[in-house]
Amino acid sequence: VDDDETLVRVPFRIHTGEGVLEASVQTTAAPIPVVSVVDAARGLDDALIGMALRKAEADGAPATCRQGCTACCHHPVPLSAAEAHALVSLLDGMTPDRRAAVDQRFDEVRAQVEAAGLLGDLEATLDGAPFERVGAWIAARIPCPFLDGGSCTIYQDRPLACREHLVSTDPASCADPSLGPVRSVPLLARLARALTRVSAEAWPSAPSRIPLLLAPGWARERADEAGVRRGGVALLERLLGEMKG
Ligand code: SF4
């Protein structure tokens with residue numbers, strides 16, 4: 001094995017009010033696809049979210065998110081460029097029947113967004129404009145195309161933004177912000193933000209927030225850029241550095 005391809009462990013420690021999370025991520029100094037860091041980010045995020053939830057409970061402000069509550073699945077979900085490319089891989093790996101059903105859901109939801117007069121604003125975000133009509137989106141009850149029967153059909157692969165959306169207030173406020181303020185569970189790190197920053201270095205022309213609904217189309221138009229590679233150790237160290245920042 002070439003020295004450059006020898007597997008190495010990148011250790012990290014995060015201090016929290018609950019203790020110290022000590023872990024390591026295995027990678028190689030050789031170039032790896034930047035998109036492959038999405039899996040590592042998800043694993044880290046899940047571990048850190050578990051700690052944040054235990055801390056919130058101990059602090060007397062536990063998360064009120066429950067299985068079956070789909071309020072945040074009726075919000076526009078932003079993806080990093082790495083997640084957009086990973087989503088295309090996920091779609092391409094589906095069976096033809098499943099893929100056809102998902103494509104149909106994307107078409108239906110897109111039609112709903114257009115009917116609500118929000119498609120132009122959403123598409124403008126691909127040119128860097130902020131999406132300022134979140135309230136109108138929530139009011140129109142526009143679902144995520146992966147929501148089916150009250151469940152996320154890509155739960156293991158759901159975006160970091162979905163993982164990190166945890167609240168300690170009445171879930172009714174997530175569905176209707178006029179009912180009261182929404183208070184987020186304090187997170188120990190924000191992997192979604194870290195991955196967005198890492199993505200910006202790999203895909204400099206990508207928007208920082210790619211709407212999930214438009215992500216497959218955006219990534220497919222840039223399929224030739226999906227395989228961008230960076231040294232594995234450097235990539236992981238960047239992600240971990242941004243995570244703490
Ligand atoms: S990807 Fe899953 S968790 Fe995220 S908004 Fe869609 S259905 Fe909800």
Side-chain angles (χ1 to χ4, degrees), residues 35 38-39 41-50 52-53 63-94 98-113 116 118-119 121-122 125 131 133-169 171-177 182 184-185 187 190-196 199 207-220:
V35 74
V38 172
D39 269 344
R42 287 177 186 150
L44 281 171
D45 217 14
D46 288 347
L48 289 163
I49 286 169
L53 290 174
T64 48
C65 304
R66 295 286 176 268
Q67 193 171 10
C69 173
T70 61
C72 63
C73 300
H74 293 80
H75 291 199
V77 175
L79 270 60
S80 61
E83 290 180 290
H85 286 298
L87 180 58
V88 166
S89 297
L90 181 73
L91 295 173
D92 289 349
M94 291 177 175
R98 168 91 182 103
R99 176 62 193 280
V102 169
D103 285 350
Q104 187 181 337
R105 279 303 291 149
F106 268 78
D107 288 346
E108 289 168 357
V109 174
R110 187 184 177 94
Q112 217 175 321
V113 173
L118 297 170
L119 190 57
D121 293 77
L122 196 68
T125 65
F131 186 67
R133 302 187 65 195
V134 175
W137 183 290
I138 295 171
R141 294 286 296 159
I142 296 167
C144 171
F146 291 114
L147 185 65
D148 187 9
S151 298
C152 174
T153 56
I154 58 163
Y155 189 77
Q156 297 302 328
D157 299 298
R158 69 197 188 286
L160 297 175
C162 304
R163 288 170 148 84
E164 294 178 2
H165 188 97
L166 294 163
V167 304
S168 58
T169 40
S173 298
C174 297
D176 182 356
V182 175
S184 298
V185 170
L187 298 176
R190 292 193 174 274
L191 265 298
R193 187 179 61 192
L195 190 56
T196 294
S199 289
S208 57
R209 298 163 69 85
I210 303 169
L212 183 149
L213 184 66
L214 305 181
W218 178 88
R220 282 190 201 291

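Just so you know, ligand 1 is whichever comes first in the structure, and atom 1 is the first atom listed for that ligand.
- Rounding to the nearest 0.5 Å places OG of S199 at 7.5 Å from CD of E83.
- Protein N/O/S atoms closer to atom 8 (Fe) of ligand 1 than 2.8 Å number 1 in this structure.
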Could you go through residues 105-113 and list every donor-acceptor pair under 3.5 Å that involves a side-chain atom there, pairing it with any protein atom two or more places apart or in another chain?
{"from": "R105", "atom 1": "NH1", "to": "E108", "atom 2": "OE1", "distance (Å)": "2.6"}
{"from": "E108", "atom 1": "OE2", "to": "Q104", "atom 2": "NE2", "distance (Å)": "2.9"}
{"from": "R110", "atom 1": "NH2", "to": "E123", "atom 2": "OE2", "distance (Å)": "2.8"}

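- Shown in contact with P159 at under 4.0 Å from a heavy atom are these atoms of ligand 1, numbered in order with element: 1 (S).
- The nearest pair of heavy atoms linking L118 to F131 is O-CE1, 4.2 Å.
- Residue C174 comes nearest to H75 through the heavy atom pair O-NE2, 2.9 Å, listed as atom of the first residue, atom of the second, then distance.
- At a threshold of 4.0 Å, the pair D46-R42 does not count as salt-bridged, since none of the basic side-chain nitrogens sits closer than that to a carboxylate oxygen.
- Classification of R163 and D45 as a salt-bridged pair fails, no side-chain N sitting under 4.0 Å from a carboxylate O.
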